[in-house]
Structures are given as structure tokens and as C-alpha cells.
Amino acid sequence: MIIRDVNLETVCGVTSKLPENTLPEFAFAGKSNVGKSSLINALMNRKAYARTSSQPGKTQTINFYNINGALYYVDLPGYGYAKIAVEVKEKWGKMIERYLRNSQMLKMVFLLIDIRHEPSANDKLMYEWIIFNGYHPVIIATKLDKINRSQVQKHVKMVREGLGMEKDGIIIPFSAETKQGRDDIWDLIEGSL
Ligand code: GDP
């Protein structure tokens, strides 16, 4: 995919009205630190356009990035961050739920899982939640460069089984360092436009 133009068009807080977009949306979910900003930056061909959760002041928002005036990447708030208060976590859940339930233009939901670790309880909940809302999540197994090449299949299997994935569910190993997997993700996005 050739990225010509990227624009952070809408930032939604807990009480904001969600935008009534008319372009297809592709959403990204995952726990904090999983590599979501790095992935979105890679898919935008930008170094640091999407803010990372380690940057101070990153709030729990839903960010809509207009890509080429043709589609949106939707950055959902990262979950499972131990330091945030319970009430914030509840708000986080409500925000994601509201978005998944109400978006008219959502085409695909990507759920990011760190390839090194077994999916957490929150990862499983998110996975089931996406399915409950009528979508087939595409799993992106992040930080691929952090494991030995000979271990990739074993870890993919661990993620697949840990989530209890559907048989035909897609899982794409990805590295923001090497950009391995990026073309496969772009192909999926372009294929569903
Ligand atoms: P977010 O909280 O999900 O948005 O995660 P970030 O994109 O901010 O990434 C969290 C940390 O993991 C940062 O220090 C990144 O540099 C690092 N990181 C993210 N993706 C990768 C990757 O594919 N490979 C490696 N080695 N590090 C990564």
C-alpha cells in the first residue's frame, strides 16, 4: 500500500460522540506495550506519528487516522495497564464496547498479542468480545524479532491455542523492527476495501 497522506482526524474521549465516518475503518486493539503504536506507525510509513503508551500524557482515547483519504486506522485504547485505576479501566471497556457495537464502517479488527507470551486473561476476553460483536479478529503476533526464527511456529501455536482461536482464524507474525508481516497486513486491508 502506498501511503500518501496521514492525518489524525478525530480523538475521542470517554464522553465524546463517535464520528459518523463514511470511509472503511480498521481497528487495532491490544494491551499496553504490546507494540500497537509501533505497528500503526509502520502501517503509516511514519516513524512516530502514533504516540506510544510510554509517552507521558497518553490518555485513554480512540484515535482515528485518516489514510490517503480512503480509510481509517482506529487506535483503540490499550488495556491491562496495571497502574491505571479501576474506574479508568471500566471507562476503557465502555469505550471499546461502544465503538465495536456502534461503528457502521468497521471492516476488520486486529488484535495484537506479544508473540513471546501466552495470551493473558484480558487478551482472551478481548478476543471473545470482538467475536461477540460479530467480527473475526485477525491476530497480529508482535515483536517477532525478539524470538529465534526456529521458535516462531511453536509460539504461533501457543498464541493460537491460548486464545482458543477459530480454525480458520488468521494470525500474522509481525516485527516493527524488520517490518516483517507488514505487507500481509496491508494485503488484508486492501483486500477488504
Ligand atoms: P503500545 O503501548 O502497544 O503502543 O506499544 P509501543 O508501540 O509503544 O511499544 C512498546 C515498546 O515495545 C517500545 O519500547 C517499542 O519500541 C517496543 N516494540 C514495539 N514493537 C516492537 C517490535 O516489533 N520489536 C521490538 N524489538 N520492539 C518492539
Side-chain angles (χ1 to χ4, degrees), residues 1 3 6 8 10-14 25-65 67 72-85 88-89 91-93 95-96 99-100 108-127 129-130 137-156 158-159 162-163 170-189:
M1 187 147 79
I3 306 295
V6 167
L8 173 55
T10 314
V11 175
C12 286
V14 186
E25 296 172 353
F26 297 84
F28 298 87
K31 73 173 170 222
S32 290
N33 230 33
V34 71
K36 189 155 53 63
S37 313
S38 304
L39 168 71
I40 292 173
N41 282 321
L43 291 174
M44 297 195 295
N45 265 340
R46 299 291 189 273
K47 280 218 162 63
Y49 195 85
R51 280 182 304 161
T52 68
S53 52
S54 54
Q55 281 173 277
K58 167 125 179 185
T59 46
Q60 297 279 300
T61 55
I62 300 182
N63 296 351
F64 292 80
Y65 295 93
I67 309 297
Y72 290 97
Y73 296 158
V74 181
D75 186 1
L76 298 173
Y79 55 84
Y81 194 50
K83 282 185 198 147
I84 64 173
V88 178
K89 285 188 193 165
K91 280 183 193 160
W92 158 82
M95 274 170 89
I96 296 187
Y99 172 71
L100 287 181
M108 201 172 273
V109 184
F110 294 98
L111 175 61
L112 280 62
I113 306 285
D114 190 321
I115 198 163
R116 293 172 295 173
H117 310 302
E118 288 250 11
S120 69
N122 278 338
D123 291 331
K124 286 181 213 174
L125 271 178
M126 191 72 224
Y127 180 78
W129 211 0
I130 296 165
V138 172
I139 305 305
I140 299 179
T142 62
K143 309 196 183 182
L144 174 61
D145 57 281
K146 293 215 180 201
I147 58 169
N148 197 297
R149 202 171 289 190
S150 65
Q151 299 292 302
V152 173
Q153 280 320 311
K154 192 181 97 187
H155 282 252
V156 165
M158 176 184 79
V159 171
L163 290 173
I170 300 171
I171 173 160
I172 302 176
F174 171 79
S175 165
E177 292 287 317
T178 67
K179 309 293 186 284
Q180 200 181 328
R182 180 168 63 177
D183 285 347
D184 295 323
I185 301 167
W186 271 337
D187 285 350
L188 273 180
I189 291 173

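In each ligand, atom 1 is the first atom listed, and ligand 1 is the first ligand listed.
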- Query: For Phe174, is at least one N or O under 3.5 Å away from an N or O on ligand 1?
  - Reply: no
- Note on the structure: At under 4.0 Å between heavy atoms, what of Asp145 touches ligand 1? The answer is side chain
- Strictly by modelled atom types, are Tyr73 and Asn63 linked by a side-chain donor-acceptor pair under 3.5 Å? no
- Between the side chains of Ser38 and Asn41, does any donor sit under 3.5 Å from an acceptor? no
- Task: For Glu177, counting its heavy atoms only, list the atoms of ligand 1 lying under 4.0 Å from any of them.
- Result: 23 (O), 24 (N), 25 (C), 26 (N)
- Just jot down the salt bridge (charged side-chain N to carboxylate O under 4.0 Å, His left out) partners of Arg116, sequence neighbours excluded, or say none. Asp114
- Note on the structure: Under 4.0 Å between heavy atoms, the region of Ser37 that gets near ligand 1 turns out to be both
- Looking at ligand 1, does Ser32 have a heavy atom less than 4.0 Å from it? yes
- Note on the structure: Lys36 heavy atoms within 4.0 Å reach ligand 1 at atoms 1 (P), 3 (O), 4 (O), 5 (O), 7 (O)
- Does Thr10 reach the main-chain N or O of Phe64 with its side chain, forming a donor-acceptor pair under 3.5 Å? no
- Query: Are any of the heavy atoms in Ser175 under 4.0 Å away from ligand 1?
  - Reply: yes
- Locate the shortest heavy-atom distance separating Ile3 from Met44; write the atom from each residue and the value. CG2-O, 3.4 Å
- Say whether Leu144, considering both its backbone and side-chain N or O atoms, lies within less than 3.5 Å of an N or O atom on ligand 1. no
- Query: What residues form a ring pair (Phe, Tyr, Trp, His ring centres under 6.0 Å) with Phe110, not counting sequence neighbours?
  - Reply: Phe28
- Rounded to the nearest 0.5 Å, what's the gap from CD1 on Ile147 to NZ on Lys154? Could you check? 8.5 Å
- Task: Please identify which atoms of ligand 1 are closer than 4.0 Å to at least one heavy atom of Lys146.
- Result: 25 (C), 26 (N), 27 (N)
